[in-house]
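Inspection log for the structure reproduced underneath, given as structure tokens.
As a basis for the values below, the full set of heavy atoms in this structure was taken, side chains included, without hydrogen atoms, waters or symmetry mates. FYI, the numbering just counts along the sequence from 1.
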Amino acid sequence: MIFFDIDDTLFDFATSEQEAFYKVFEKHNLVENLMLYKKSYKEISGGLWRRLEDGELSLAELGSERFRKLFLEHQLEMDEVLFNQDYLTFLGEQTHLVPGAEKVITELSHKRLAVITNGYSDVQRSRIHHSPFKDAFEHVITSENTGFQKPQTGIFDYAFDKLQITDKSNVLIVGDSLTSDIRGGSNYGIATCWFNPNYKENDTSIKPTYEIHSLEKLLEIVK
């Protein structure tokens, strides 16, 4: 069994986020200072996602909170809940892939494949449904559905139970995040593959089983 992360592992999240961000601000006639808003948003959102990984807030709280903080910082009178719903709708329409992703999933189609993601269920399922991966995965397991997020063991317990996996030695998780994908997999006792296309330095104590800089290198590991 191979578990895949979604964002920045199979899907190009930066491009997807950028397009969805523009569309939602365009819809609400707020594009004039878009670059300024985007800079603030990235800082706010990054901090909230780290808090999510640490179990300090839920995914539902994160969604509206990032825009509440943004609007407060820039003195904008907007409904953060409705704005977040619009943003997620636009995000669910984005299907930009990481280079090599389609080839890798196609060539691994004879393997058992599944997704474990900290993203929103409706968004991730929509993106997969409209991508070449529509029928590629046995299950799409999301933190929103399970009530746990990577690196918490609960989301892995859920995945193993759902997929009736009993042997950890035959399981691999592939993801771009050391703190969620790799830490979660390592803590759970399964092999990990850190997808690191930008050659980031690993200055943590987290040690992946494998490290790859192009997704296609995964094929050599699996073989």
Output the distance between atom CG (Leu219) and atom OG (Ser214), rounded to the nearest 0.5 Å. 9.0 Å

Output, in order, the C-alpha distance, side-chain angles, deciding distance and verdict of side-chain contact (heavy atoms from CB on, under 4.5 Å) for Arg127 and Phe11. CA-CA 9 Å; Arg127 294 164 76 200; Phe11 286 85; 3.2 Å; yes

With side-chain contact (heavy atoms from CB on, under 4.5 Å) as the criterion, how do Tyr188 and Val171 come out once you've worked through the C-alpha distance, each side chain's angles and the decisive distance to 0.1 Å? CA-CA 11 Å; Tyr188 203 69; Val171 181; over 6 Å; no

Looking only at non-hydrogen atoms, find the nearest pair between Ser126 and Gly92 and report the distance. OG-O, 2.7 Å

When you compare the side chain of Asn145 with that of Arg125, does any pair of heavy atoms fall below 4.5 Å? yes

Rounding to 0.5 Å, atoms CD1 (Ile105) and CG (Leu10) come to a distance of 5.0 Å

Listed by chain and number, what are the side chain to side chain contact (heavy atoms under 4.5 Å, CB included) partners of Val222, not counting sequence neighbours? Ile2, Leu108, Lys111, Leu218

Please give me the minimum heavy-atom distance between Glu102 and Phe133, naming the atom from each residue. CA-CE2, 3.7 Å

Any donor-acceptor pair under 3.5 Å linking the side-chain atoms of Glu211 with those of Asn196? yes

Do Asp122 and Leu88 touch side chain to side chain, with heavy atoms closer than 4.5 Å? no

Just verifying a value: how many Å separate Thr142 OG1 and Lys150 NZ, rounded to the nearest 0.5 Å? 10.5 Å

Are Val140 and Tyr158 grouped together when hydrophobic residues (ILVMFWY) are joined by side-chain heavy atoms under 4.5 angstrom apart? no

For Leu59 and Tyr120, which heavy atoms make the closest approach, and how far apart are they? O-OH, 2.9 Å

Report whether Leu70 and Leu52 are members of the same hydrophobic cluster (ILVMFWY, side-chain heavy atoms less than 4.5 Å apart, transitive linking). yes

Would you name the heavy atoms of Thr192 and Ser186 that are closest together and state the gap between them? CG2-N, 3.6 Å

Those residues that, when tested against Asp79, pass side chain to side chain contact (heavy atoms under 4.5 Å, CB included) (two or more places apart): Val81, Leu82

For a side-chain contact (heavy atoms from CB on, under 4.5 Å) check, start with the C-alpha distance between Glu216 and Val104, then their side-chain angles and the critical distance, and finish with the verdict. CA-CA 6 Å; Glu216 292 178 15; Val104 166; 4.2 Å; yes

Contact between Tyr41 and Leu34 at the side-chain level, heavy atoms closer than 4.5 Å - yes or no? no

Give a yes or no on whether Ile128 and Leu91 share a hydrophobic cluster (residues Ile, Leu, Val, Met, Phe, Trp, Tyr; joining criterion: side-chain heavy atoms under 4.5 Å apart). no

List for me each residue that meets side chain to side chain contact (heavy atoms under 4.5 Å, CB included) alongside Arg112, sequence neighbours excluded, and say none if there are none. Met1, Glu138, Leu163, Ile165

Taking the side chain as every heavy atom from C-beta outward, state whether Ile141 and Val115 have any pair of such atoms under 4.5 Å apart. no

Are there over 12 heavy-atom neighbours, none belonging to Lys38, within less than 6.0 Å of that residue's NZ? yes

Got a second to check how far Asn33's CG is from Lys39's NZ, nearest 0.5 Å? 14.0 Å

Once salt bridge (Lys or Arg N to Asp or Glu O under 4.0 Å) is applied, do any residues pair with Glu220, and if so which ones, sequence neighbours excluded? Lys217

Under a 4.5 Å cut-off applied to non-hydrogen side-chain atoms, are Ile182 and Cys193 in contact? no

Pairing donors with acceptors under 3.5 angstrom, does anything connect the side chains of Thr117 and Gln124? yes

Do the side chains of Tyr210 and Leu178 join up, straight or via other hydrophobic residues, at under 4.5 Å, putting them in one cluster? no

Any side-chain heavy atom of Phe83 within less than 4.5 Å of one from Arg66? no

Just checking, any donor-acceptor pair under 3.5 angstrom between side chains of Asn84 and Ser64? no

Examine distances only and state if a side-chain atom of Asn198 and a backbone atom of Lys200 form a donor-acceptor pair shorter than 3.5 Å. no

Short side-chain to backbone donor-acceptor contact, Ser143 and Asn118, under 3.5 Å: yes

Lys/Arg-Asp/Glu bridge criterion (N-O < 4.0 Å) met for Arg51, Glu56: yes

Step-by-step side-chain contact (heavy atoms from CB on, under 4.5 Å) determination, Ile190 to Ile173: CA-CA 7 Å; Ile190 61 175; Ile173 183 169; 4.0 Å; yes

With a 4.5 Å cut-off on side-chain heavy atoms, are Ile116 and Asp5 touching? no

Do any N or O atoms from the side chain of Gln94 and from the backbone of Phe90 form a donor-acceptor pair under 3.5 angstrom? yes

Show me, pair by pair, the donor-acceptor contacts under 3.5 angstrom made by side chains of residues 16-26, not counting sequence neighbours?
| unit_1 | atom_1 | unit_2 | atom_2 | d |
| --- | --- | --- | --- | --- |
| Ser16 | OG | Asp12 | O | 2.9 |
| Glu19 | OE2 | His96 | NE2 | 3.3 |

Under a 4.5 Å side-chain heavy-atom rule over Ile, Leu, Val, Met, Phe, Trp and Tyr, are Leu57 and Phe148 clustered together? no

May I ask you to decide if Gly175's main-chain N or O and Trp194's side chain share a donor-acceptor pair within less than 3.5 Å? no

If only side-chain N and O atoms count, and only distance matters, is there a donor-acceptor pair under 3.5 Å linking Thr89 with Asp86? no

If every non-hydrogen atom of Gly55 is compared with every non-hydrogen atom of Gln149, which pair is closest and at what distance? CA-NE2, 3.6 Å

Spacing of Asn29 atom CG and Lys27 atom NZ [to the nearest 0.5 Å]: 11.0 Å

What's the shortest heavy-atom distance between Asp8 and Phe13, and which atoms? OD1-N, 3.2 Å

Minimum side-chain heavy-atom gap Glu73-Ile44 below 4.5 Å: yes

Give a yes or no on whether the ring-centroid distance for Phe3 and Phe156 is below 6.0 angstrom. no

Can you tell me how far the NZ atom of Lys69 sits from the CD atom of Glu43, to the nearest 0.5 Å? 12.0 Å

Qualifying residues under side chain to side chain contact (heavy atoms under 4.5 Å, CB included), relative to Ser177, sequence neighbours excluded: Glu53, Thr179, Ser180, Asp181

